[in-house]
Enquirer: 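If you scroll down you'll find the structure; I have some questions about it.
The figures here come from the full heavy-atom set of this structure, side chains too, leaving out hydrogens, waters and symmetry mates. So that the names make sense, note that chain A is the first sequence line, chain B the second, and so on, each numbered from 1.
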Amino acid sequence: MAGSTPASLTADTPAAAVVAPRKNRPTSPWQEAWRRFRRHRLAAASGIVLLLLIAVVALGPFIWPVPINEIDFAAKLQGPSWAHPLGTDDLGQDLLARLIYGGRISLAVGLAAMVVAVVVGVLVGALAGMSAGWVDAALMWVTDLFLALPLLPLLLLLMYLFRDHFKRLFGVEGGAFILIVVVIGGLRWMQVARLVRAQFLSLREKEFVEAARALGASKVRLVVGHILPNALGPVIVAGTIDVAAAIIAESTLSFLGLGFPSDIPTWGSVLRDAKDYLDIAPHWALFPGAAIFLAVITINFMGDGLRDALDPRRVL
Amino acid sequence: MAEPLLDIRGLKTWFKTDDGMVRAVDGVSLSIDRGETLGVVGESGCGKTVTARSVLKLIDMPPGRFEAGQILWQGRDLIPLDETEMNKIRAREIAIIFQEPMTSLNPVYTVGDQIAEVIELHQKLSRKQAMVGAADMLKLVNIPNPERRVHDYPHQFSGGMRQRVMIAMALSCQPKLLIADEPTTALDVTIQAQILELMQEMKERFGMAIMLITHAMGVVAETTQRVVVMYAGKVVEEAPVGALFGDPRHPYTQGLIRSIPRVDRSAGRQARLESIPGTVPSLLDPPPGCRFAARCRYVMPACTQAIPPLKEVAPGHKVACIL
């Protein structure tokens, strides 16, 4: 025993020196999740692709300043070329410019609808989770009711009923945007509400919430400061998937002709216009389809990565 | 004599359940003087914790409900106060620490943030000043490198260290009474001793009173001046600590003391550690008479007729037993 002591001491010293600088830097749970997310290859790669896509639609008009509605019958239904990298449609309009413009709308609708869904879901879920009894029961009943509604027919009906009203209130493009965001977000909050309620039901019984209450924290402070931050992990994952679902929903609406006005290109409406020319100009449908596919699949992969990164039981 | 700091009179905290009314605390009276350490002992399920939480009104209502009684804090009854008024008393006047240090800290904030939140809430200080205060508090509870440790998260602390952080949080506003609800139960023996020593040190420093809830009789013997023994929602014996261990009157107290493992007595012999047979009765519609009757070795017919009142048998020593 005595003989081994000096040996272990010398062995400990360099190890302690290596450990010491790491201990100086405490990692918050969010930093830790970020570290784990970066290790998830597919999600990290998806994140980069998605960022590129966002950069293209955000900065595209400055690099490719071609108007979206310049009609040129001489160049109609052309395949990809140097003048039109993604080809042209039946009016000779440049598809790259139209897809960049449409991507702005599609991604903006996706994000905004997700925000609506998450805000409504968190409010409903938190209210239900904090107030046991009949309020909880009523809110969950409403949630189940919404979950039972057939989504697509209802979307179409709501768009059809309120389109003109919103057009009058907020203008052609603004009205369509607000209506689509509210309708899609308003029909997608249920999952978030259920998740948040379940989280709240378990978190509100945790000792640290009781401890904070015992030290004089008000109910609002308990909910916003102590319970909600601990419930956010699953909400972030659900929100990410919601962005993808909202992009699909918007494309579906536009494809069916009930989204934005037909002269405003979105990924879905370009796809709709292209469907009649599939045999002579397949590129026209291919590119918007690919754009939707790329956006949705990268967002879903990121959701996967976030779920793994935010799951404390998984070793990464 | 001056009025006690905390005076609980005939408190009844009942819980409404589907099966009926659970009388978790059923007519408890106890008082704590300034600077005094009062031990509250009893088995699990005796109403100790419910009594402690009632003082800070941390009982969920419903299902809980104050059926009767008063909780006089420096002469003022706390029962009619609303949440806003209670929040002025919590931490600033009465603070509590819980049994589970591992889960009593919020995992998403640094310990400094959590201590600073309490300071900010009650003392109207800026965040920066509060963080300095938080580091001071960590130093006070003997956490090494306090300036660096305030930026650490709870998962970077051990159980004993977290209990120190909890104590720092609880004491950050210098309360007059600290309620410690089994503060050492979840910790191993050497850490238990350190935490009890720390509480003693803090008590002398701030001159506060402590209500120490525990089921470890050894802890009571070492740290308290006066002891209240609870059984099935009622106080069965109350005595200065010396009298309680020297001359326990209630059969339940006697049983508790006999069940302390003694290193000196059983050495070398095949002695069996004594226990009290049976368990605490259901507090759902309890039978008339003494609640300990079913487990008592001296039970007589009169025991099941009426609940024996608490009566004084010696100065400061009260027992609820007809013996």
Side-chain angles (χ1 to χ4, degrees), chain A residues 16 19-36 129-137 199-236 310-313, chain B residues 52-53 55-58 60 62-63 83-84 86-115 117-122 145 148-157 162 165-166 169-173 175 179 181 186:
Chain A
V19 170
R22 269 184 58 192
K23 269 200 125 183
N24 278 335
R25 191 174 55 91
T27 48
S28 80
W30 298 117
Q31 285 170 318
E32 179 64 13
W34 171 236
R35 183 188 68 80
R36 289 156 64 100
M130 285 311 287
S131 57
W134 68 268
V135 179
D136 178 31
Q199 290 279 313
F200 267 58
L201 284 181
S202 85
L203 285 169
R204 58 182 280 188
E205 305 297 334
K206 286 270 192 289
E207 280 88 352
F208 65 80
V209 175
E210 178 102 40
R213 188 176 162 215
L215 291 171
S218 63
K219 193 146 191 172
V220 175
R221 187 179 273 267
L222 285 182
V223 171
V224 177
H226 290 275
I227 302 182
L228 195 56
N230 281 287
L232 277 187
V235 174
I236 290 172
L310 294 169
D311 182 357
R313 279 176 294 275
Chain B
R53 290 184 184 207
V55 173
L56 277 164
K57 302 228 294 178
L58 294 173
D60 282 331
E83 276 291 296
T84 324
M86 274 314 293
N87 278 341
K88 289 180 189 153
I89 290 182
R90 291 172 184 156
R92 219 179 298 179
E93 312 229 329
I94 309 173
I96 188 166
I97 52 176
F98 294 115
Q99 185 176 356
E100 284 295 334
M102 300 309 278
T103 51
S104 290
L105 291 164
N106 192 332
V108 303
Y109 296 116
T110 64
V111 298
D113 279 334
Q114 294 183 56
I115 301 173
E117 185 192 347
V118 180
I119 298 176
E120 235 182 306
L121 213 57
H122 294 286
N145 290 320
R148 216 175 67 194
R149 295 291 265 170
V150 284
H151 302 298
D152 279 357
Y153 287 85
H155 69 265
Q156 291 163 306
F157 289 81
R162 286 189 213 187
V165 172
M166 287 311 296
M169 264 173 88
L171 299 187
S172 58
C173 295
I179 300 175
D181 188 0

Enquirer: Which residues pass the side chain to side chain donor-acceptor pair (under 3.5 Å) test with E100(B), sequence neighbours left out?
Expert: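 With sequence neighbours excluded, E100(B) shows a side chain to side chain donor-acceptor pair (under 3.5 Å) to no residue whatsoever.
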
Enquirer: Below 4.5 Å from any heavy atom of chain A, which atoms of K88(B) appear? Answer side chain, backbone, both or neither.
Expert: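 Contact with chain A involves no heavy atom of K88(B) at all.
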
Enquirer: Is a side-chain donor-acceptor pair under 3.5 Å present for E32(A) with H155(B)?
Expert: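 No, because no side-chain N or O of H155(B) sits under 3.5 Å from a partner of the opposite role on E32(A).
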
Enquirer: CG/L215(A) to NE2/H122(B) distance, rounded to the nearest 0.5 angstrom?
Expert: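 Going from the CG atom of L215(A) to the NE2 atom of H122(B) covers 6.5 Å.
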
Enquirer: Of the listed residues (A91(B), S104(B), C173(B)), which shares the most heavy-atom pairs with chain A below a 4.5 Å separation?
Expert: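 Looking at each option in turn, the highest pair count goes to S104(B).
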
Enquirer: A side-chain contact here means heavy atoms from C-beta on lying under 4.5 Å apart; do E207(A) and M166(B) qualify?
Expert: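 A side-chain contact under 4.5 Å is absent here.
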
Enquirer: Heavy-atom distances under 4.5 Å only: say whether P175(B) touches chain A with side chain, backbone, both or neither.
Expert: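 Neither part, no heavy atoms under 4.5 Å.
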
Enquirer: Identify which of L56(B), I96(B), L58(B), V108(B) forms the greatest number of heavy-atom pairs closer than 4.5 Å to chain A.
Expert: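 Option with the top pair count is L58(B).
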
Enquirer: Minimum heavy-atom separation for F98(B) to A214(A), with atom names?
Expert: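 Minimum heavy-atom separation between F98(B) and A214(A): CZ-CB, 4.2 Å.
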
Enquirer: Give the member of N106(B), T103(B), I179(B) that has the highest number of heavy-atom pairs under 4.5 Å with chain A.
Expert: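 Heavy-atom pairs under 4.5 Å are most numerous for N106(B).
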
Enquirer: Can you tell me how far CZ of R53(B) sits from CZ of R213(A), rounded to the nearest 0.5 angstrom?
Expert: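 CZ of R53(B) is found 9.5 Å from CZ of R213(A).
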
